[in-house]
Amino acid sequence: MTTTTASTAARATRVTASTRTKIKNGPAIWGAYVFLTVAAILWLIPLLWAVYTSLRPKADTDRLGYFSIGGSYGFSNFVQAWTQGGFLTYFGNSVFITILTVILTLFFASMMAFAVSRFSWRFNVTLLIMFTAGNLLPPQVLATPIFELFKLLQLPYSISDSGSLLNQLIGVVFANTGFQIGFCTFVLSNFMKAIPQELGEAARVDGAGVWTQYWRVIMPLTRPALAALGTLEVIFIYNDYFWPLILIQSGDRLPITTAINNLQGQFLSNYNLLSAGAIITVIPTLVIYLALQRQFVAGLTLGASKG
C-alpha cells in the first residue's frame, strides 16, 4: 500500500511538472507559431501574386490595373512565353549544366571529405580549412581571373569552337563545380566523422583498400547526406545567373534563367508575360524539391540527436 501511494504521488508530481512546463512555454510556442505563419505568408505573397499576374491577359491588366480583380484568365501567357522565349533550348542547357555539375561536385567533395575525415595525416585539417574558407570569397571577386584563365586556356577546335573554355557549357560546369566543392566537402566531412571508425578498421582487416573503403563502406552510408546536398545543389546550380552571364556569349547556350531576357521588350515591358516566364523557370526546381523532400529532410536531421 505504501509503495502504491508513493508511485501515485511520483506520477502526480511528474504530471504537475509537465503541466507547469507546458503552461510556462505556452506563450513562447504560440509566439513561434505566429511568427512562422506571418513569415510564410510574407514569403508566399510575391509568388502567389506572380502566378495571379501570369494568368491575366495584359489588356485586362492595363484596363483594370495590376491591383484589381476581374477580366479573363488563362494560360496564354505561358504558351507565348515558352515559344517566344525559346525555353526548350535554354532548358536543355540548364539540364546539362546542372546534372553534370552536381555529379562532379558530389563526387570530388565526397572523395575530399573521405580523405580529411577518415584518415589522420598532416594536412587534413589544413585542407579542410582551405576548402571551407573558399566559400567566404564571393564569386564576383574571382570573376576577372577566371575569365582570363578560361580565355588563355587553349583547346583544340574539335573540342571547343571558340578555342578556349569561354562560350562553352563545360566552362560553366567547371566554374560552378569549383565554387561548390568547398561547401559540400565541409558538410560531408562532418557527416563522415560521425560514422564509427570500427567500420574502416574492419574493412582493412578484411583486406579492403582505400578505394573499397570509400566506395563500398562509406559511400552507401552517406546516401542521406548526398540526397540532401544533391537537392540543394540542383537548386543552387539551376538558379545560377552569374557564371553563365560571364562565361557565355552566345545566346543559344545560355541557361533557362537568362531566357526571361528574351521576353523583355525594348520600349515596353509585358509583366504578365514576364511573370509567366518566371513561373516556368521555377517549376522544375519546385518539382525536384517536392520529389526529394523526404530525403532532403532526412539528410538534414540525421545525426541531430547525436552527442
Side-chain angles (χ1 to χ4, degrees), residues 85-116 123 126-189 226 229-264 277 280-281 284-285 288:
F87 274 68
L88 183 60
T89 300
Y90 294 106
F91 181 72
N93 296 336
S94 291
V95 169
F96 176 84
I97 294 173
T98 302
I99 293 179
L100 189 56
T101 300
V102 171
I103 292 175
L104 292 177
T105 300
L106 294 182
F107 177 68
F108 290 124
S110 63
M111 294 180 68
M112 186 63 200
F114 175 76
V116 300
F123 298 105
T126 303
L127 283 177
L128 181 60
I129 293 175
M130 290 177 60
F131 272 77
T132 306
N135 294 320
L136 303 178
L137 290 175
Q140 293 80 0
V141 174
L142 299 177
T144 300
I146 290 179
F147 180 87
E148 292 296 328
L149 176 64
F150 282 20
K151 183 176 68 174
L152 297 176
L153 185 59
Q154 301 298 318
L155 296 176
Y157 284 97
S158 58
I159 300 176
S160 170
D161 55 3
S162 64
S164 66
L165 278 177
L166 289 180
N167 203 30
Q168 301 296 317
L169 294 179
I170 194 66
V172 180
V173 171
F174 289 158
N176 281 319
T177 301
F179 274 89
Q180 295 298 326
I181 283 181
F183 169 71
C184 294
T185 299
F186 175 76
V187 174
L188 288 175
S189 63
L226 290 174
L229 280 176
T231 305
L232 284 176
E233 289 301 313
V234 166
I235 297 174
F236 290 162
I237 303 303
Y238 180 86
N239 290 327
D240 179 57
Y241 183 81
F242 179 74
W243 288 117
L245 191 65
I246 295 295
L247 301 176
I248 295 181
Q249 289 81 38
S250 298
D252 58 346
R253 297 182 182 179
L254 291 170
I256 196 172
T257 50
T258 61
I260 300 179
N261 290 334
N262 296 340
L263 307 178
Q264 183 76 22
I280 291 175
T281 61
T285 56
I288 291 174

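Since the structure is predicted, the reported quantities are computational estimates derived from the model, not experimental observations.
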Audit row: S160, Q168, side chain to side chain donor-acceptor pair (under 3.5 Å) steps and yes/no: CA-CA 7 Å; S160 170; Q168 301 296 317; 3.2 Å; yes
Kindly determine whether I170 and L165 satisfy side-chain contact (heavy atoms from CB on, under 4.5 Å), including the steps that lead there. CA-CA 7 Å; I170 194 66; L165 278 177; 3.9 Å; yes
Between L169 and I248, does a side-chain contact (heavy atoms from CB on, under 4.5 Å) hold up when you go through it step by step? CA-CA 8 Å; L169 294 179; I248 295 181; 3.8 Å; yes
Enumerate donor-acceptor pairs with a distance under 3.5 Å from any side-chain N or O in residues 177-187 to protein atoms, sequence neighbours excluded.
| unit_1 | atom_1 | unit_2 | atom_2 | d |
| --- | --- | --- | --- | --- |
| T177 | OG1 | V173 | O | 2.7 |
| T185 | OG1 | I181 | O | 2.7 |

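Using modelled atom types, one side-chain atom of T257 and one backbone atom of D240 make a donor-acceptor pair closer than 3.5 Å. At distances below 3.5 Å, at least one donor-acceptor pair connects side-chain atoms of S110 with backbone N or O atoms of F107.
The CD atom of E148 lies 8.5 Å from the CG atom of L166; values are rounded to the nearest 0.5 Å. Rounding to the nearest 0.5 Å gives a distance of 7.5 Å between OG1 of T98 and CD1 of I288. The line from CD of Q249 to CG of N167 is 5.0 Å long, rounded to the nearest 0.5 Å. We find the CG-CG distance between L142 and L137 to be 5.5 Å, quoted to the nearest 0.5 Å. If you take CG on L128 and CE on M112, they are separated by 7.0 Å, rounding to the nearest 0.5 Å. Between F174 atom CZ and L100 atom CG the span is 7.5 Å, to the nearest 0.5 Å.
Residues F242 and A143 approach most closely at CZ-CB, 3.6 Å, considering heavy atoms. The minimum heavy-atom distance between V116 and S189, with the atom names listed, is CG2-CB, 4.0 Å. Residues L247 and A175 share a closest heavy-atom pair of CD1-CB, 3.9 Å. Scanning all heavy atoms of the two residues, the minimum distance from P139 to W243 falls at CB-CZ2, 3.8 Å.
Donor-acceptor pairing under 3.5 Å is lacking for the side chains of D252 and T89.
For the pairing with I246, the side chain to side chain contact (heavy atoms under 4.5 Å, CB included) check across Y241, F150, F147 returns one residue only, F147.
Residues T101 and E233 are not in side-chain contact: their nearest non-hydrogen atoms beyond the backbone lie 4.5 Å or more apart. Between L226 and L188, the closest side-chain pair of non-hydrogen atoms falls below 4.5 Å.
Checked against side chain to side chain contact (heavy atoms under 4.5 Å, CB included), S94 has the following partners two or more places apart in sequence or in another chain: Y238, P255, I256. For Q154, the side chain to side chain contact (heavy atoms under 4.5 Å, CB included) criterion is met by no residue, not counting sequence neighbours.
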